[in-house]
**Q** 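Sharing a structure with you now.
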Amino acid sequence: MAMKELVEVIAKALVDHPDEVSVTETEKDGETVIALTVAQSDMGKVIGKQGRIAKAIRSVVKAAASRDDKKVVVDIQ
């Protein structure tokens with residue numbers, strides 16, 4: 001599973017409006033940037049208390065990317 005799909009599956013499972021989840025993937029300076037956009041009302045669900053859910057999403061993506069020796073950054077917007 002590609003990193004983009006991984007972030008999309010996790011985000012859609014967390015939010016109330018899965019149809020408004022948008023994930024884009026770009027390459028910049030040798031690293032992959034995954035931009036996650038959700039509905040404004042779902043932002044708290046994706047970030048979590050004290051950023052715990054956002055940190056967990058980043059940890060899972062980082063672990064998956066380490067298999068391929070890639071640097072992946074998750075940007076939540």
Side-chain angles (χ1 to χ4, degrees):
M1 179 182 283
M3 299 302 143
K4 180 180 173 184
E5 285 84 27
L6 178 63
V7 172
E8 191 170 356
V9 167
I10 293 170
K12 284 186 176 185
L14 292 170
V15 300
D16 290 331
H17 306 285
D19 51 311
E20 293 189 42
V21 171
S22 168
V23 181
T24 57
E25 187 173 6
T26 55
E27 287 282 333
K28 190 167 86 174
D29 300 330
E31 67 183 18
T32 304
V33 178
I34 297 176
L36 169 63
T37 308
V38 298
Q40 196 63 42
S41 60
D42 288 330
M43 193 61 86
K45 290 179 181 68
V46 174
I47 294 173
K49 288 188 178 166
Q50 297 177 343
R52 286 194 182 117
I53 294 174
K55 187 175 181 182
I57 292 170
R58 289 183 175 116
S59 295
V60 168
V61 171
K62 186 175 181 181
S66 69
R67 282 188 316 179
D68 304 331
D69 286 333
K70 289 184 178 177
K71 179 150 174 54
V72 179
V73 177
V74 178
D75 183 24
I76 300 172
Q77 302 168 344

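Residue indices begin at 1 and follow the sequence shown.
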**Q** Cut-off 3.5 Å, no hydrogens considered: what does the side-chain donor-acceptor table look like for residues 43-62, sequence neighbours left out?
**A**
unit_1: K45; atom_1: NZ; unit_2: D16; atom_2: OD2; d: 3.0
unit_1: Q50; atom_1: OE1; unit_2: R52; atom_2: NH2; d: 3.3
unit_1: R58; atom_1: NE; unit_2: V74; atom_2: O; d: 3.0
unit_1: R58; atom_1: NH2; unit_2: V74; atom_2: O; d: 3.2
unit_1: S59; atom_1: OG; unit_2: K55; atom_2: O; d: 3.0

**Q** Between K12 and E8, is there a side-chain N and carboxylate O pair less than 4.0 Å apart?
**A** yes

**Q** Considering only distance and modelled atom types, tabulate donor-acceptor pairs under 3.5 Å from the side chains of residues 18-41, sequence neighbours left out.
**A**
unit_1: E27; atom_1: OE2; unit_2: T32; atom_2: OG1; d: 2.7
unit_1: T37; atom_1: OG1; unit_2: Q77; atom_2: OE1; d: 3.4

